[in-house]
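Reviewing the structure listed below.
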Amino acid sequence: MYALSRGKGVPREAREALGKVRALVEADRARGVSVRLESARIGLEGETRLCAEYEDAAAAARAYARASALVEGVDLVNLVAGPCASGPPPPPGKQEQEEKP
């Protein structure tokens, strides 16, 4: 998940969505789900990349579906299914949804 900005910092709604997705992943971890969570600032205005890698594909799919619902319609949030990778964020815009979490 990426929380991005347009030159004025990450909007409140995007920061809140990031926090909700982080809480979702932490709740899974607290229930014993095997998940690795990384967070990194990727810009000067608070832009952030949050990456969760689930060991179990079914748990990953459930988490992705719940995260998608949490960020739906939130501007400057980009939810991407795929492996955690470093590098520049995808361009801002609509969420990208892929088949494989």
Side-chain angles (χ1 to χ4, degrees):
M1 173 178 172
Y2 293 88
L4 305 170
S5 77
R6 283 194 187 102
K8 297 185 216 172
V10 176
R12 179 182 52 82
E13 295 84 3
R15 288 190 313 270
E16 289 173 356
L18 183 71
K20 288 176 184 178
V21 171
R22 180 187 301 275
L24 177 151
V25 175
E26 293 290 353
D28 281 350
R29 183 184 284 168
R31 285 194 333 271
V33 175
S34 180
V35 59
R36 184 174 63 84
L37 182 64
E38 292 179 9
S39 182
R41 279 191 64 157
I42 56 173
L44 299 175
E45 297 178 353
E47 298 93 342
T48 303
R49 181 182 71 237
L50 180 69
C51 185
E53 287 187 322
Y54 283 75
E55 188 172 296
D56 179 66
R62 285 190 299 273
Y64 186 81
R66 294 187 328 238
S68 292
L70 289 173
V71 304
E72 185 174 345
V74 179
D75 193 28
L76 295 174
V77 167
N78 193 3
L79 183 65
V80 180
C84 291
S86 57
K94 292 193 169 234
Q95 300 172 28
E96 294 179 26
Q97 295 186 7
E98 299 175 9
E99 294 291 318
K100 183 180 171 189

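Note that the numbering runs from 1 along the sequence shown for the chain.
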Next on the checklist: Tell me whether E45 contacts the main-chain N or O of G7 through its side chain, where contact means a donor paired with an acceptor under 3.5 Å.
Outcome noted: yes
Item to check | Donor-acceptor under 3.5 Å (S34 side chain, G32 main chain) | outcome: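 Looks like no, no N/O pair under 3.5 Å.
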Is the shortest heavy-atom distance from the side chain of [X] to the side chain of [Y] under 4.5 Å?
{"X": "L50", "Y": "R22", "result": "yes"}
{"X": "T48", "Y": "V10", "result": "no"}
{"X": "I42", "Y": "Y2", "result": "yes"}
{"X": "E13", "Y": "D75", "result": "no"}
{"X": "E26", "Y": "L37", "result": "yes"}

State, to 0.1 Å, how close [X] and [Y] come at their nearest heavy-atom pair, and which atoms those are.
{"X": "L24", "Y": "Y54", "value": "CD2-OH, 4.1 Å"}
{"X": "L4", "Y": "P11", "value": "O-CD, 3.5 Å"}
{"X": "C84", "Y": "A52", "value": "SG-N, 4.2 Å"}
{"X": "V77", "Y": "A17", "value": "CG2-CB, 4.3 Å"}

Item to check | Charged N-O contact under 4.0 Å between R62 and D28 | outcome: no
Checklist entry - Which pairs count as disulfide bond (SG atoms under 2.5 Å apart) when at least one residue sits in residues 2-31, sequence neighbours excluded? => result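 Qualifying pairs, neighbours excluded: none.
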Checklist entry - Residues in salt bridge (Lys or Arg N to Asp or Glu O under 4.0 Å) with R36, at least two apart? => result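 If we apply the salt bridge (Lys or Arg N to Asp or Glu O under 4.0 Å) test to R36, skipping adjacent residues, the hits are E38, E53.
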Checklist entry - Looking at residues at least two apart in the chain, or sitting in another chain, which of them share a salt bridge (Lys or Arg N to Asp or Glu O under 4.0 Å) with E16? => result R12
Item to check | L18, N78, L79 screened by side-chain contact (heavy atoms from CB on, under 4.5 Å) with V71, the one that passes | outcome: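 Exactly one candidate clears the test, L79.
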Checklist entry - Under 3.5 Å, is there a donor-acceptor pair linking the side chains of R49 and S39? => result no
Checklist entry - Stepwise, does the side-chain contact (heavy atoms from CB on, under 4.5 Å) test hold for V80 with M1? => result CA-CA 6 Å; V80 180; M1 173 178 172; over 6 Å; no
